[in-house]
Each structure stands twice: as structure tokens, then as C-alpha cells.
Amino acid sequence: MLSFVAQRVLKGVIVLLAIVVLNFFLIRLAPGDPAVVMAGEAGASDQIFVKQLREKFGLDKPLPEQLFLYVKGVVTLDLGFSFRQQAPVAKLIGERLPATLLLTLTAFAISLMLGILFGTFAARFAGTFLDTAITVFALIFYAMPIFWVALMGILLFSVTMDWLPSFGYETVGANLTGFAHAVDVAKHLIMPAMTLGLFFMATYTRMTRASMLEVKRLDFVKTARAKGLSDAVIQRRHVLRNALLPVVTLAGVHSGTLIGGAVITETVFAWPGIGRLMYDALLQRDYNLLLGVFVICSAMVLIFNLITDLVYRLVDPRIEFAS
Amino acid sequence: MKQFWKSMLRSPSGVIGLIILVLAISVALFGPMLFPNSPWRMVQRPFLPPFTLSAVPLGTDALGRDVFAGMIFGARVSLLVGLVSTLVALIVGVPIGAMAGYFGGRVDDALMRFTEFFQTIPSFALAIVLVAILQPSIYSIVTSIALVSWPPVARLVRGEVLSLRTREYVQAAVVTGQSNTWIIMREILPNALSPVIVLASLMVATAILLESSLSFLGLGDPNLISWGYMVGAGRTVIRQAWWITVFPGVAILISVLGLNLIGEGLNDALNPRLSREGR
Amino acid sequence: MTAPPAVSIKNLRIALPKGAERPFAVDGVSLDLRPGKIVCVVGESGSGKSMCAHALMGLLPDTVSVASGEIQFEGRDLLKLDDDGWRDLRGRRLAMIFQEPMTALNPLMRIGDQMAEMFEAHGLLTPRERRARALALAREVGLPDPERIVRAYPHQLSGGQRQRAMIAMALALEPAVLVADEPTTALDVTTQAQILKLIRNLQRNRNMAVMFITHDFGVVADIADQVVVLRHGKVVEEGPAATVFNAPQHDYTKALLAAVPSMDPPAREPLDDQARAVEVIGLDKTYVTSGGWFREDRRVDAARAVNFNILRGETLGLVGESGSGKSSVARLVMRLIEADRGTVRIGETDLTQLSGKALRAERHRIQMIFQDPFASLNPRRKIGHIIADGPIAAGLDPKVAFDRARDLLKMVGLDAGALERYPHEFSRRPAPAHRHCARARTRTRDHRRGRGRLRARRLRPGASLAAARRPQDAPRSLDAVHHPRSTRRRPDLRPHRGDAARRHRRAEADRAAVRRAGACLYARAAGGGAGTERARAGGVTIDRIELPNSGMVPKTCTRPEVKQIRSRRIFLTKISLPMSARSKSTPAFARAAPEAPQRM
Amino acid sequence: QEPKTGGVINAVIQPEPPGLMLAMVQNGPVQMVSGNIFEGLLRYSPKLEPQPELAESWSVSEDAKTYTFKLRKGVTWHDGKPFTAADVLFSVEMLKQTHARARNNLAQVDKVEAPDDYTVVFTLKQPFGPFLGIFEVGSMPMVPKHLYDGTDWKTNPYNNAPVGTGPFMFKEWQKGSFIRLAKNPNYHEKGKPYLDEIYWQIIPDAAARSVAYETGKVDVLPGGSVENFDVPRLSKLKDTCVTGAGWEFFSPLAWLWLNNRQGPLADKRVRQAVMYAIDREFAKDVIWNGLGKVATGPSASTIKYYTDDVPKYPYDPAKAKALLKEAGYKGEKIRLLPLAYGETWQRWGEAVKQNLQDVGINIETIATDVAGGNQKIGDWDYDIAFTYLYQYGDPALGVGRNYVSSAIAKGQVFNNVEGYSNPEIDKLFADGAVATPDSKRKEIYEKAQKILVEDVPVAWMLELQFPTIMRCKVKNLITTGIGVNDGFKDAWLDK
Ligand SMILES: Nc1ncnc2c1ncn2[C@@H]1O[C@H](COP(=O)(O)OP(=O)(O)OP(=O)(O)O)[C@@H](O)[C@H]1O
Ligand SMILES: Nc1ncnc2c1ncn2[C@@H]1O[C@H](COP(=O)(O)OP(=O)(O)OP(=O)(O)O)[C@@H](O)[C@H]1O
Ligand SMILES: [Mg+2]
Ligand SMILES: [Mg+2]
Ligand code: NI
């Protein structure tokens, strides 16, 4: 197991480095020059200014050298300096990471819980009206653009009913501490987390449903019935547990991508997360910052993949640590 | 083939899905012929609510353009983007996944690392970068969406193949001296199909919405109208003019629903056990 | 009649859904189960045995329904029970053992917990007491090292151990009635004997009424007090075991009995002058699975220094207990897995040296019939394709190939329409051909060409196989071979759908027949006029069959039908097996053997 | 009404500023927030007359080459250090290196001297008409010498916690959430500022900004914070006041770059046809909600020397078609590059495309994001492209740069991107900048306007107006021609 983890980590690091290199070129292929963007923002652009900027950012150096310097930085855990924000990339990401993790993990938990719940119901009543209703319900949140769902939520819960705040991470200026602060943050969290969670819910609902139907037909379920166990116990202990395995897999894949995938939710709810940071960096061609976010996202995905693998192996006693 | 249609038509979800898809596709194909006016044309006063003028039954948008015409023309692009990019994603993802799963070892390692590269970058950002690099157009959009959506397909297929290749009927095919291609195509892939179908029918929705997000950022094909574009464009005025967003939104929803129903029906129809026995 | 019946099934009719092969799965069956007696229900596949059993447990599938009749138990009609009533009875008063020990246990739960659930379901005992009872039960059914076993997961147990665990569970609450639906079919001969003995003993000790379902007349002979013969959902014959065996009344019963192969191997022509068809020299294979959490790598020696050869026209039987490496050797010979060491020669070709195209080209010279007939048919391809694929791959004109496939199907007793059917559809055949019939057909066909001699070789679980024989390793073989998905599951896999399919056991025989036909067709297509020398050993005894080619190319088929191990036992006693090998076999084996001839 | 003291204002800032050190970064949001922290020597009335800020008074020499500023006494930096002439000298030096616009503006300065702590003398190489217009805080913010002199400006820690002389002090910046400024108790104007705190809330989505205002979470939506379509709805809300004032100094003017170098657009008649073909009234009314004004030429009506005595281009598709025909336009493809600044601009792009198509111009829209668009424009790889630029109150500062041939430089935006080259115009702008007196300048610039409008080097669209929406209880928010960017020092809350 230890060697398994070590091997995975090693492979992960290699993949990460490859990703850094590829990203480096990919991003630079996109038209647009950060110096020109910044010059544009400054409301003036003359030769000297642009040249100065380019020198300042090291953009005048040949690409391979830039790459070398960047990779060297990454290897020493230095993600570089953001041209535009004039701050170390690591610091900028660090400021945003907690909010993103809070949002995505909550959304993730919501989607998993609801998805499994609905999936279970749908499977339980497969072929009935309830089943169809659940499928349609789940697909509504899947097929509706997130910003639309988000806006509807805001209109309903913030504007009309005034229950929940419509934006931000906490009440600005309230200076709450301790429990009150936690409640405040939670209130702000509900809507974005729900919006994001409901989107991913559809997949889990469908996955759980299919998987439950599958497992339900297996022999050991009949054994359990022959024992005289109640239906609830059978569903929970025998069917659901086995049915969850593929859901766990899928969840592992999602948990990583969620992190960078929350751009729209973060934007609509003004959630100070990494998604927006990345998006702004992309629009500004803030190369180092963008690369930094990509690297962090990739690392997260790899870490989450590893964690799911481990969890999976723990949950399913049949799995060996084959490498 | 006859058998296939028969069983497809037997499942109610398949029938409903098929009806929806056929309707949507015929709108996409023939609608623009019946509606020769460009959907970009400003025909009425802006923000005209729906059902007030029969000439513009679904009202007008912020510039006074006919929402109904937009829906008709948008069907073409949206369905094209959704279906083609999903198809391309399948064409890329399925063979990669199949080869990784079937050959294992180094091939698997290399292919999966390659997949990871596309998988670990947030797909939305990657799509933006790709479209920006390739210049926005319907082709580059489809390409980019396909490029960011194939990794899950590959992973899924790989997983399935990994387990299927140890099945005895696969080994039976091996011992009769059949080629690897044949074995993958005939013995393995058909049995790995059903989760792929479920995934693919969900992917169509993602693709349509991704196109919408892209056009919201100004990276859509500016010369073609799409449902996603309409939803994005109507978003900011949703408070004044719900209809601009809601109608194309519902169109997307119904198409996605239809495709998922087809997916379900297809799944049953392709599964000989279900198709002939019922359930 | 002595004791009053514990359960009395009266005129039971179970309706099948529309479009099924017949309107009623069970059509007016009446039978009584008495305390302390074992009623064996026999009959061909699809005759409605399992339906009866499931009706008794209230576990009928949703698609079927009881049309009429009653099941009296303790003064109540079970068919009128509501869900709660059933829940109360199941496990406590009525218990059931299922056919498939591999899939009947929840793979994610420890054995002990699954046993304890029995008490939990009926609100008995405290959790701690439940654990203690589970341990005691494990001990009672003779599970080795019970402390370990209750903490083990199902996949860590051998098939026999799992079946014991199932039995322990079924007996936990001392039920009045035990229903056993082919509990030993999936087990090897030694284990089967032990399990039968166990059931018999427990049943006697507790004075249980037992309904025992089986295909196997050997088993019937072993344990039945009463025999009920079912056909097409109707009881065709019923009576004490001895009567049914010695004086069968109904033609069907006679046919069933006739289909049981006799014990005497026929005289064979000597084959000494024949050339070597297959030569296996020093095959070694060790499976290495890397360890789990802080565990070491696990190594299983599946083959160590295996040497044998097969002469042209000869059939070699490879026998051994479950997990002794039979399938592994077959796979090595087939080059489905790579040997660590050793050579396999087919005629003059060294198969182990080939790879890629060359290997593919040589593949047709040796063929294999797989252990699990269901698993070895692609569920999404029609039978016709499955059979013809091989010859077509070898360059035969598809039309010709299909014609041959049709001929072959006819040869194994299937009509030409079978070409167009999918494997699972053989459960719905109008005239179900159960495996005895299928076997008989094979034999007939073999007989026509038959000549030659049969040898058997016991794969000795010697020192080199010690690792494989550790109790926790044994089930690996079952799992690895039958359940490759579950053992080698990766996190990105979905749960395996094959398991559900495995329940379609009814048509297994047909499928096996078809698979075999495929192999043989191929043989003919490639070499022309292939025949099998099977003689009376027919599917009964042989793990791998060589199909000698009248031309030059020898064919080898592997067909370890675990289910027939009981017959194999008989076979083994008759051939001159080295004493050492015999003594290695388990006591049950040795003990049961002499009884057999008398019964038959 | 007497101003009341106290209270907190929540305003929206969009997008999030990349930094707050005005001398280092100068985009819109930075100016808006930092205008409260930093100050310039002067500020400008809505009529763009200079008013004292850090400079108490100023005088211009007879030859218009020497400007003498008397600094206000008793001004301190937020850290308590006094503000003196040395700071001004240092700021000039620093800005020349870090602030592109300041460098251009100061190009005519020969030397800067400080005869005493409270006097600064600028000596110019030649008279420069707009010189008194370059001292606003965004164009020339004063930087604390004691904190920056001799340090690496780029990494100076005070970049993240800027220290100025302004009415508000920097307190806190939660990245992605808000920026908090607090009252400067030692502000040099007695009694000001009135507010205790300002929260600049960072809300990236326009619709969410509307909602934030509606639900009372923010009180001020500076110009451009919400989509134009939403303005009428918001302005009808209770207690809501809307003003278009505060943009006089910047006078944003929107136009279409027309690439004069190549293709059909090299022909003046085609460019004129474009002007006739576009329905600018429609754009104003529908897309900009009736705000702003149809532009008549290169100068916005709010800046100096504007004249409307120029040829007019009303919406006239027939005339456009005729001109196209005359020019022999044969349906060559023309690429249109919209501005990726949000929905309004996208809609505008679509409307213009439709207008042009209606007269038979074969338009293909090219989509890009902002960075990609800038690159294309800078590389002259376009035919028609949207833009809008500030004019900074004087044609010499904000107009000439787009039309003189010396400002043609590849790889940059905002200069003479269209490639228009006319020696007469070059000369007029060169003379205009240095001419004295004012009447002479007026004459020159009016002439230039006429020529340009006739030539149509670019297609002028609208003088934009970005309405500021706020609660009516917010008083005196906008008092100068610089608007919200000039800080909230006069604003107070009527509770
Ligand atoms: N793929 C594998 N990986 C690891 N171990 C394996 C694998 N396949 C088989 N084994 C182990 O090798 C041994 C021999 O297995 P094999 O399947 O050859 O037995 P068998 O004689 O065919 O048994 P059965 O009668 O049950 O079919 C067993 O201990 C089994 O656990
Ligand atoms: N779930 C089901 N739905 C519909 N028909 C079924 C189902 N299961 C079994 N049948 C049908 O009911 C009949 C009796 O089946 P049953 O399983 O009782 O046979 P069996 O005697 O147990 O055969 P085997 O020896 O193969 O186990 C068969 O014709 C079969 O096709
Ligand atoms: Mg049965
Ligand atoms: Mg085997
Ligand atoms: Ni299985």
C-alpha cells in the first residue's frame, strides 16, 4: 500500500510536470499579449511602456528560456509572480483556495447526498411515475445553464423572500466572529453550493439508479430477503452499499474537476474562489497566474483521484493494490 | 436492424425520445427554409413580450429581433454542436479507452497520462483557450468541446474494457485466432456500450451549454445564432424579459431530455436480453 | 405416513408472464415435506424446480405470480401472508440455501456480520451475543479456523467454505424447513461430498424438513428419502428414492436415469503408435498479486513443473480439486496467459515461441471449451456469429461457415433457428435440452467417429501447490476464473453485470453445447474432418478434451465441467490412478466412492 | 442642506482592481478606489476648470512655459509624514517610468524644481496648451517619496497597502470580496470627509450587482456597473437617484476603427457609406437606453474646442448604398471585431453588423476576447473594430493620438490604429498643442475636426454616458468632472 501510494505520487508528479510544459505552450499559443492588455487597461500604450512591461515580465526572453525558468520555479515550488496583480502567484491562489474548497466540497456533498437519495428512490420505484419525475427533475438542473438556475435562486431567495444573501462569502462589514461568523458564511454558502450541487446531482442520480437496479438483481439480495431482513435494511445495507462503488469512482473524478469548474457559480454569487481567479487570469493573459491555477487544479485532480482510489480500495475488500 | 427498431419502439421512453429528436432535427433542417428571414434582423420594437403579435409569437429580444426565428435557426447550431462534438468525443475517447484497457501495460500508461492531461485542466478554461487559439467558429467550437469532453469517455471505456477483456468469451475469441481489432470491435465494445450511451446522452447537454458559455464570453461563432447564445444573451435582461432566456432554455431542456430518453431506449434496444424479453 | 407434513404444497400453479414458453412454470404441483426427511426434486432444466422453492420462500420474481394452490405451513397458507408475515417466517422458520455460493453472499460484508444479520433480522440477541453465535455456527458447520473466517470477506473464502457459511446462516435459527436449491452444483466433487454430508447430519440432528433440488442423480442417490420428478412444471413421478431408482415408472424418469453415464470405461484401442499431438514440458506459473494495506505480495503457484503429452487420438483428463490449477494449465497451453517457464508444443510447432500474427495463425490448431459456458458466449452476439467467427477469421467464406455452423448445431441437437438467437435466449427454448441431453448428444457424435483411449492425470497439489491450498487462497481460483471483474475490479469499473446473468443457469447446457460446437466446427474448418474421441467419458469426466484430427492437426478442447465432478469421482476410482494421488484426495472422496456403483 | 457626518457607503467595484498603487497600475477600477487614497495637485470642475487640491494656487508665466504651483500646507501622508514639494518632484520622476500617460503628458516638461518645500515650478520646452489639464489624481497621483525612494517599486510592500494623502485610508482588501477604506481623521480639508467608511464590493456578475443594489446591500453603482438594459428598471426603484454627470473629464467616445490601409475601406467613400449605414440613434436609444449622444466627430461635445460645425452623417442607407456603388464595392468580405466588454457591446456589434449588411456590405464578425481583440487591433489585422476611448478634456491629450501619423505604431492599441495619414492633420495637431492663446487653439482644432469628419478615418458612434445609480440619501457624491474617480471626500449620507 505504501509503495502503491509512493508510486502513484511519483507518477503524479511526472504527469504534473508534463502538464506544466504543455500548458505553458498552450497558453502562449492563444492570441493576446499581456503587456498589450495591461497597456490597454492603463489607458495608454506607447512603445516604451509595452517594452518595459515585457521586460519586467520576462516576456522578451526566448520561449525555451521562459519555460526553463518557469519549470525551474515549479520544481522548487515557486509558482512565479503575477504580472498583473503584482503579487506572488502562490499567495494569490492561497487566498482563494479555502473559499473554493468550501464551496466545491459542500456542493459535492450536496450533489452526492441528493443524487444518491434520488437515485435510490428512482430505483426503488423504477418504471413508475416517480421514477420519471425524478429523472426529469434531475435533468432540469443538469440541462439548465447554471447562471440561469443561480439567478432564479437569487430572485426567489434573496429578492422575493429575503432569506439568503445574494452574493459574497460573508456579510461585509459585519465583523462577526466565532459561531455567528460560521452561520453567516453558511448562509452565504447555501445558494452557490446548491446551484453547483444540483448540477452534478443529475449524474449521481442516474448513476445510482442504474447501479441500484443492477445490484438489486444480484443473488445476495435474495439471500438477504431469505433471512427475513426488512426491506429498508436490505436496501441500505446490501443494495446501496454495493451500488455506491461506481458512484464513488465518478465522484472521485468530479471532485477534482469541480475545483476549476465553478467559474460561473463563483461569478454569479461573487464567491471569492479560484474559478474566478483563473477566469480573470485567462482574460488578462496573466500567464503565470493562469499556469499556477492550472497546476494547482491538476494537482488537486490527481490528489483526489488518488484519494478516491484509496477510499475505493478500502470500501471494497476485493480490490488489491495492483500497480 | 428491424429487430432493433422494433425494440426501440417498444420502450416508451425510446419512442418519446425519438419523437423529440426527430422533431428537433426536422426543425433544424427545414425550419430555416420556412423562415427565410435572418434571425439577426431587427423586426419589431425591443422587448416585445410573447404572444402579443402573431408575427413574432415568442416576442422580441433586446434589439427587437424575433425570438421565434432565433429558436428555429438556433436549433441547427445547438444540435450540431451538441451532437457532433459528442460524436467526436466518442470517436476520440472510445478507441483510446479501448486500446488502453485492452492492451494494458505501457500502452495503457501512456494513453492514460495523455488523458489525464486533458482531464486535469478545468474543461471550461481549456475550451476557452482552445477556442481562442483556433479562432472562434463553429468548427473550432465543436473541436474544442469535443477535445475537452472525451477524457471521461476514455476512462469509462477503459474501465469497462479492462473487465471485459478477461471474460471468457473474449478469450474464446482469442483462441480462435481473431485479430485484436475484431475482438475489440465485436466482442468487447458492444458489451461496454450501455454506460457509454448514458454518458453520451448527458454529454450532449454539456456541449450545448458549453457553447452557450463560450458565446457568452464572446467566443461563440458570432455569425450563427444558437440556443446557447440566446440564453446567454437574454441572461442579463432576464428581469425585464424572461422570454428571451426561457424559450431557448426550455428548448435545450427538452432536447436533452429527449436524448436521455433515447439513451435509455437505445440501451434497452441494444441489449438483446432486454430487447426481446421485455423486462 | 408417519409424521404430519411440515409443509404441504397443494396444487400449486405459478403463472409465467405472457410470451413465455409455457403458461405455467409450475402446473398443479403438490408435495409434502416432512420433518426429518429429505425430498429431492429433480427434473430437467426449466422444469420449475426453483419456482417451487422460491414460492415456498415467498421469493418469486416479480414477473411471475401464483395462479392458484396453497402452501400450508404451521396451519397457515403461506401464499396469503403479507410482507411482515413473510419477514417473520423467513430465516426463522423457513430457510434457504442458494445454488451459487459465489454470488449469494454480499461481497462487502464480513462473513460473521452476514451470519449475525440472521439474528438481527428477527431482533434476537445483543450484538455481542450475535457475534458469539456466529462464531459457534461457523464452528458447527466445520469451517476451519472460525475466528478468522467470521472476519473474512466472501472473496477470501473458497466455494465450499462459502457454501458452508450459507448453510450456517440458514441453520442459525433452527428452522423447521430448509430449502436447498442446487446447493452443490457449483462445487468440486470433494467439497460437494462434504457439504452433502453436512446437510444430511444437520438435518437429522435437528429433525428438519428439507427440500433438496438438484439435477444430479448422483446426489439424489446420495441423500434422498423421497424423490419428486418434475417435467414442464408437472410432477411426473414421485416416491421413495429406492423405488424411483429401481423401478422408474415414467418414461421421462427412465430417460433421465439412462442419461447418467455408466462407470465402466470402454475398452480402447492402444494408441502407442500415434504421434504426439501436444507436448507440455516443464510449465511453471506463479501468479503475483501485490499486497494490500501493509500486506506482502501474494504469490500463488498455479503450475509447477507440469509435464505431459497427448497422443493423437487420445483424450487426456486433467483432474484435481478446485484451485489446483487445472484451468491455469489449460490457459497456459492455450497461451491465454504467459508461462514463467516451459514449453508447449503443438505437433512440431513451439507455441511458446510464437507471438503476434504468427501466434494468431497457429491458434486454430488448438481449441478450448471454457469452464463457464455462459461466460464464454458473448451476450451481444448471435450464436451463429459466435460459431462462425473463428472460421471466418481463418479465411473461410462466411456463407460456408454459416452452413457449417448450421450443420453443427444440428449435430448437437439444436435447430437451425438457434443461429439467430442470442445466448441468453436459450433459457426460453421450447424444448429445453438439459445438460444430460446435451452430453448424450456429444457422446453420440463422438461415438460415431470414436476410437482411441482415455487417460487421466491428476494434477497433484503437491508441495509446489501448497500456497494455493491455503484456505484463503482456494477461492481465488473460483473468483479469478469466474469472477474476473470482481477480483480485478478497478475503481473506474461499474459493478459487474455478469453476475446477474449467471443466474440464467437453466440453459447452461445448451450454451456449453454451442460453445463446443464452435470449437469443433473450427476444427473441421481448419483441418477437415476433425473428430473427438470421447467415448463414454463424455462430458462427464474430462477437464480437457483433445479432439484428434483425422488429418494432421490435433485439436485440444478444455471443458472442465465442475458440476460433473461427482461422476468424475466414479471415473477416477475406475482408472488406475497412482495410489499416492488417491491418498492425497480428501476423505469424503475416498469414502463416497465405493457406494456409487450400487446406487446406479 | 448641511452635510451630516458619519455613515458607511457600500459601492460596487468592477472588475476587481489588480492593485491599488495608482502610480503603478492605472485601469478604471484602480482609479475609482485609489482616487480616495491618493490625490493630485488639481481637480477639475464639470466644465473642466482646474480647482485646487494639493496645490493651493498656481500661476502661468507670460510665455506660457513656466507653471508655478503653491502647495497646500499642513498636508500629511496617511502615516503622518508631511507632504512637501520633494514628494512632487519624486512623483514626477517615478510616474515618467511607471505611468505611460503621465510620461506622454510630461513630455513637454523641460525641468521641475522646488524652490522651497511648498513651491513647485514646471518649466516647459515650449508652450503646451493642455498642461493645466494633466494634474488630476488618475493622471498624476502624488506618491510618498519617503516610502518609495530608493526601493524596488515593483515589490514595494506599500503597493499592497497604499499610503496617500487622500480623504480615505486603505484598511483591508479581501481578495475577491471587498476593499475597505476608512476615514482619514487628519485630512487637510477640515471637516471632510463625512463618511466613516467605504466598502468597495467586488461582484463580478452584472445581474448580481443589480440584485445587490435592489436588496440594499450596496448603495452606489458607479457608471458601467450594470448592463444598460437594467438601468431604467433600477432607476424606477424607490429612493433611487441616477446621474450621468462625472464623465466630463474622460468624455468616453465610442467609434469604429476603420482600417484605412487595405481593402474597400481604404476608399473614403466606403468609409462614409459606413457612417451613413449605421443607425446611431437606434443604438443610442435601444442599446444605450437613450443615454449619451450621437457623436459628430473626433471630439466629444464635453471637451474643449468642440464644434458641431462639421459635415453630418445621418442614418441614410440609400445614400450609403449609392456611395458604395460609386466606390465600386463588389461585396468583398469585411471583418468586424466587436468589443468583448459584455452584453451591451455584443448587442451593439450585432446591430452594426445588421446595419451594414442591410446596405450590402458583406460583414463577417470575428469573435475574440479582450486580449485577443487587442492583439488583432494592434497588429492591424482587422477591417472594422469597436472601441471607446477617454478624451481627457483636451484634444491634445485624448484626440490627436488617434489621428496623427506619428502615432502609427504596430503592436499597440489606442494610437493611430486605423493608419490614417494626413500631413495637414499632423500639422494641425502639432500646432494646436503648443499654440497660444486659446482662441488660436480653438481655430486650429475646429479646422482639424472638419477635415477629419470629411475624411472619416474612423466611424464615430456615440459619446457614451455611464449613469451612476445610487440611493438618494447619498449626497454630493459627484462634484467634479472626474466623477466617482475623484474620491468620496464631499459625499455624505442623509440618514
Ligand atoms: N489471474 C489470477 N491471478 C492470481 N491468481 C490466480 C489467477 N487465476 C488463478 N489464480 C490462482 O491460481 C490457482 C489455480 O487456479 P485455477 O483456476 O487454475 O484452478 P482450477 O484447478 O481450474 O480450479 P476450478 O476447479 O475451481 O476451476 C488458484 O489458487 C487461484 O487462486
Ligand atoms: N424471472 C423469470 N421470469 C420469467 N420466467 C422465468 C423466470 N425465471 C424462470 N422462468 C421460467 O420459469 C420456468 C421454470 O424455471 P425454474 O427456474 O423453476 O427452472 P428449474 O427447474 O429451476 O431449472 P434449472 O435446473 O435450470 O435451475 C422456466 O420455463 C423459466 O424459463
Ligand atoms: Mg433452478
Ligand atoms: Mg478451473
Ligand atoms: Ni460473475
Side-chain angles (χ1 to χ4, degrees), chain A residues 30-50 52 56 81-87 91-92 95-96 99 147 150-151 154-155 158-159 162 165-173 264 266-273 276-277 279-280 282-286, chain D residues 8 10 15-16 18-19 21 24-28 30 97-104 138 154-155 159-160 174-178 180 197 199 201-205 207-209 211-212 214-215 217 340 368-376 378-379 389-390 392 401 407 409 411-415:
Chain A
D33 180 330
V36 175
V37 173
M38 282 187 61
E41 284 183 335
S45 72
D46 57 15
Q47 209 100 43
I48 313 166
F49 189 69
V50 172
Q52 247 181 19
K56 199 158 97 188
F81 200 80
S82 159
F83 311 147
R84 201 179 118 83
Q85 309 226 21
Q86 315 231 333
K91 177 167 167 276
L92 291 171
E95 284 168 347
R96 302 292 190 96
F147 55 74
L151 214 55
I154 290 177
L155 291 186
S158 298
V159 179
D162 198 16
S166 66
F167 72 94
Y169 173 81
E170 58 196 340
T171 306
V172 170
I264 292 175
E266 287 182 1
T267 302
V268 178
F269 291 104
W271 191 262
R276 263 172 57 204
L277 189 69
Y279 179 56
D280 288 342
L282 181 61
L283 292 192
Q284 317 292 353
R285 302 292 190 271
D286 193 343
Chain D
V8 177
N10 283 283
E16 181 167 17
M21 181 52 193
M24 309 282 296
V25 273
Q26 295 96 27
N27 64 0
V30 180
Q97 294 181 43
T98 59
H99 192 313
R101 198 147 50 78
R103 178 174 44 242
N104 287 335
K154 199 177 82 177
T155 54
N159 288 347
N160 294 322
Q174 292 261 329
K175 286 281 168 68
S177 291
F178 65 88
R180 181 158 70 97
E197 281 184 322
Y199 279 97
Q201 307 255 18
I202 298 152
I203 308 177
D205 182 58
R209 290 194 286 271
V211 170
E214 257 176 281
T215 52
K217 295 290 190 304
T368 55
D369 59 357
V370 177
N374 278 343
Q375 169 124 350
K376 277 194 179 331
D379 289 347
L389 288 183
Y390 290 163
Y392 301 113
R401 58 177 171 159
Q412 289 153 48
V413 284
F414 306 160
N415 53 13

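Just so you know, these numbers come straight off a predicted model, no measurement behind them. Note on naming: letters A, B, ... go to the chains in the order of the sequence lines (proteins, then strands), and numbering restarts at 1 for each one. Values reported hereafter were calculated over all heavy atoms of this structure, with side chains retained and with hydrogens, waters and symmetry mates removed.
Note: A:Gln85 CD to D:Asn159 CG = 13.0 Å, rounded to the nearest 0.5 Å. Note that CZ of A:Arg276 is 7.0 Å distant from CD1 of D:Ile202, once rounded to the nearest 0.5 Å.
Neither the backbone nor the side chain of A:Leu277 comes within contact range of chain D, judged by heavy atoms closer than 4.5 Å. Both the backbone and the side chain of D:Glu16 come within contact range of chain A, judged by heavy atoms closer than 4.5 Å. When heavy atoms are compared at a cutoff of 4.5 Å, D:Tyr199 approaches chain A solely by way of its side chain, counted from C-beta outward. With a 4.5 angstrom heavy-atom cutoff, A:Thr267 touches chain D via backbone and side-chain atoms both.
With sequence neighbours left out, the salt bridge (Lys or Arg N to Asp or Glu O under 4.0 Å) criterion links D:Lys376 to D:Asp381. Listed by chain and number, the residues in a salt bridge (Lys or Arg N to Asp or Glu O under 4.0 Å) with D:Glu214 are B:Arg239, D:Arg233 (sequence neighbours excluded).
Between D:Gln174 and A:Tyr169 the shortest side-chain heavy-atom distance does not fall below 4.5 Å.
Chosen from D:Gly372, D:Gly138, D:Ala208, the residue pairing most often with chain A at heavy-atom distances under 4.5 Å is D:Gly372. Taking chain A as the reference chain and counting heavy-atom pairs below 4.5 Å, the highest number among D:Asp379, D:Val211, D:Leu389 is found for D:Val211.
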